[in-house]
J.: 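What follows is a structure written as structure tokens; I'll ask about it next.
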Protein chains: 2
Amino acid sequence: MPSLPGFTCGLDATLRVVSGKWKPLIIYFLAQEGPIRYGELRRAVRDVSDKMLIQHLKELEADELVKRTDFREIPPRVEYSLTPLGRSLAEALVPLCNWGVENMVEVKRVFEQRQAGDAKGR
Amino acid sequence: MPSLPGFTCGLDATLRVVSGKWKPLIIYFLAQEGPIRYGELRRAVRDVSDKMLIQHLKELEADELVKRTDFREIPPRVEYSLTPLGRSLAEALVPLCNWGVENMVEVKRVFEQRQAGDAKGR
DNA sequence: CCGCATCCAATCTGATACTG
DNA sequence: CAGTATCAGATTGGATGCGG
């Protein structure tokens with residue numbers, strides 16, 4: 001019952017580090033854009049708030065998937081990039097991304113249905 | 001800001017259907033075990049409660065990733081299995097699973113560090 | 001520009017107990 | 001066996017405002 005690192009399987013282990021509303025997206029953009037500044041990342045991951053972005057970035061940093069580089073300039077300049085571990089995870093994310101592209105029409109359809117249903121019934 | 005089905009990318013679309021604490025695990029086990037009864041699935045996905053399992057199963061069913069078969073017997077017998085769409089998603093999940101296996105030692109290590117830190121500071 | 005702190009709302013999660 | 005109901009607590013989410 002405690003979150004002991006007793007993983008039931010590989011997927012379980014992976015989920016511990018990518019669970020978070022925006023984390024996969026963050027990793028995905030970092031993989032695409034390379035080192036990227038905070039503000040740019042914030043714009044790339046649309047709709048994310050400062051709070052969540054920073055929070056997730058810190059966790060990803062603690063999990064050694066993301067590297068933070070503070071240039072200590074005025075005005076501040078901070079860049080984020082993936083560590084080797086993060087890059088390998090990004091690659092594992094590619095098929096999921098492709099799946100989304102290939103099935104976007106279908107996903108969109110079921111989603112619209114679901115929302116129509118949620119609106120009244122449930 | 002509303003959850004319009006205006007996906008920013010494929011990954012975004014994918015995340016809409018697999019977001020949920022146990023969903024990837026559920027899909028993973030369904031892919032491995034084929035049609036599986038409710039109770040068995042519950043034991044496979046360790047630590048999940050009835051409430052969450054049912055809730056996620058219903059959503060996955062609504063998203064057309066999972067098929068529910070009720071044999072209408074007494075005592076009840078219900079089997080869950082993946083739809084073709086679900087199976088394709090399961091395949092996209094395989095690399096993530098492998099990533100976890102390959103990096104489990106590292107993930108475990110950073111996780112233990114994090115928890116030690118959480119315990120006091122934060 | 002980058003980020004932290006605070007407050008508050010919404011959502012999610014899980015134990016427990018109960019039903020057909 | 002396969003769920004459902006309820007309720008409390010945890011977690012997440014975001015708007016706003018401030019600070020180096």
Side-chain angles (χ1 to χ4, degrees), chain A residues 1-4 12 15-26 29-30 33 35-62 66-81 114-115 118-119 121-122, chain B residues 1-4 12 15-26 29-30 33 35-62 66-81 114-115 118-119 121-122:
Chain A
M1 163 196 134
S3 48
L4 299 169
D12 192 9
L15 292 175
R16 307 281 178 120
V17 296
V18 291
S19 284
K21 190 170 183 183
W22 311 96
K23 282 186 188 177
L25 250 20
I26 291 170
F29 282 118
L30 287 180
E33 316 279 335
I36 183 178
R37 296 187 63 173
Y38 176 84
E40 206 178 341
L41 182 59
R42 194 183 186 302
R43 281 186 294 278
V45 185
R46 301 209 313 153
D47 295 335
V48 72
S49 63
D50 278 327
K51 181 187 171 183
M52 293 314 300
L53 184 53
I54 287 291
Q55 182 181 312
H56 281 161
L57 282 172
K58 282 192 172 174
E59 289 173 6
L60 291 170
E61 203 189 339
V66 162
K67 184 170 182 298
R68 177 181 184 275
T69 308
D70 186 343
F71 289 89
R72 302 191 155 282
E73 296 177 357
I74 306 278
R77 184 158 73 99
V78 177
E79 283 187 356
Y80 290 91
S81 59
R114 260 228 277 166
Q115 292 189 318
D118 287 354
R122 289 221 123 179
Chain B
M1 163 196 131
S3 48
L4 300 168
D12 191 9
L15 292 175
R16 307 281 178 121
V17 295
V18 292
S19 283
K21 191 170 182 181
W22 311 96
K23 282 186 187 177
L25 248 20
I26 290 171
F29 281 117
L30 288 180
E33 316 279 335
I36 184 178
R37 296 187 60 172
Y38 176 84
E40 205 177 341
L41 182 58
R42 193 185 187 300
R43 281 186 294 278
V45 184
R46 301 211 311 154
D47 296 335
V48 73
S49 64
D50 278 327
K51 182 187 170 182
M52 292 314 301
L53 183 53
I54 288 291
Q55 183 181 311
H56 282 161
L57 282 172
K58 283 191 173 174
E59 290 173 5
L60 290 170
E61 203 190 340
V66 163
K67 183 170 182 297
R68 177 181 183 275
T69 308
D70 186 342
F71 289 89
R72 303 191 153 280
E73 298 175 357
I74 306 277
R77 185 158 73 99
V78 176
E79 283 187 355
Y80 290 90
S81 58
R114 261 229 275 167
Q115 291 188 320
D118 287 355
R122 293 219 125 179

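Convention: sequence-line order gives letters A, B, ...; per-chain numbering from 1.
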J.: So which atom in B/L53 and which in B/L41 form the shortest heavy-atom distance, rounded to 0.1 Å?
T.: CD1-CD2, 4.2 Å

J.: Students often get this wrong, so: under 4.0 angstrom with heavy atoms, is A/Y80 touching a base, only sugar-phosphate, or nothing?
T.: sugar-phosphate

J.: Atom CD1 of A/I36 and atom P of C/dC2: how far apart are they, to the nearest Å?
T.: 10 Å

J.: Would you say C/dC2 has OP1 or OP2 under 4.0 Å from some side-chain N or O of A/R42?
T.: no

J.: For the side chain of A/W22, starting at C-beta, report the closest nucleotide among D/dT4, D/dG14, D/dA2.
T.: D/dG14

J.: Whole-Å distance between D/dA5 P and B/Q55 CD?
T.: 13 Å

J.: Below 4.0 angstrom from OP1 or OP2 of C/dC4, is there any side-chain N or O of A/K58?
T.: yes

J.: Nearest-Å distance, CD (B/E40) to C1' (D/dC1)?
T.: 13 Å

J.: Using the rule given for side-chain contact (heavy atoms from CB on, under 4.5 Å), can you reason through A/R68 versus A/L57, listing the C-alpha separation, both sets of side-chain angles and the distance that settles it, and then say yes or no?
T.: CA-CA 9 Å; A/R68 177 181 184 275; A/L57 282 172; over 6 Å; no

J.: Both A/P76 and A/H56 contact DNA chain D. Taking the nearest nucleotide for each, which residue is further toward the 5' end?
T.: A/H56

J.: What distance separates A/D50 CG from A/Y38 OH, expressed to the nearest 0.5 Å?
T.: 3.5 Å

J.: Of all the choices, C/dG3, C/dC1, D/dA2, which nucleotide is nearest to the side chain of A/R37 once you look at every atom?
T.: C/dC1

J.: Supply the atom-to-atom distance B/D47 CG to B/M52 CE, rounded to the nearest 0.5 angstrom.
T.: 13.0 Å

J.: Between A/S19 and A/D50, name the one whose nearest nucleotide on DNA chain D is closer to the 5' end.
T.: A/S19

J.: Does the side chain of A/R68 get closer than 4.0 angstrom to OP1 or OP2 of C/dG3 through an N or O atom?
T.: yes

J.: Roughly, in whole Å, what's the span from CG in A/D70 to C1' in C/dC1?
T.: 11 Å

J.: From NZ of A/K51 over to C1' of D/dT12, roughly how many Å is that when rounded to an integer?
T.: 7 Å

J.: How many Å lie between NZ on A/K23 and P on D/dT11, as a whole number?
T.: 13 Å

J.: C/dC7 P sits how many Å from A/M52 CE, rounded?
T.: 19 Å

J.: Quick one, B/L15 with A/W22, criterion side-chain contact (heavy atoms from CB on, under 4.5 Å). Give me CA distance, side-chain angles, the key distance, then yes/no.
T.: CA-CA 9 Å; B/L15 292 175; A/W22 311 96; over 6 Å; no

J.: Let me know the distance between CG of A/L53 and C1' of C/dC4, rounded to the nearest Å.
T.: 13 Å

J.: Side chain of A/K21 only, heavy atoms from C-beta on: which candidate in C/dC1, D/dG13, D/dA2 is closest?
T.: D/dG13

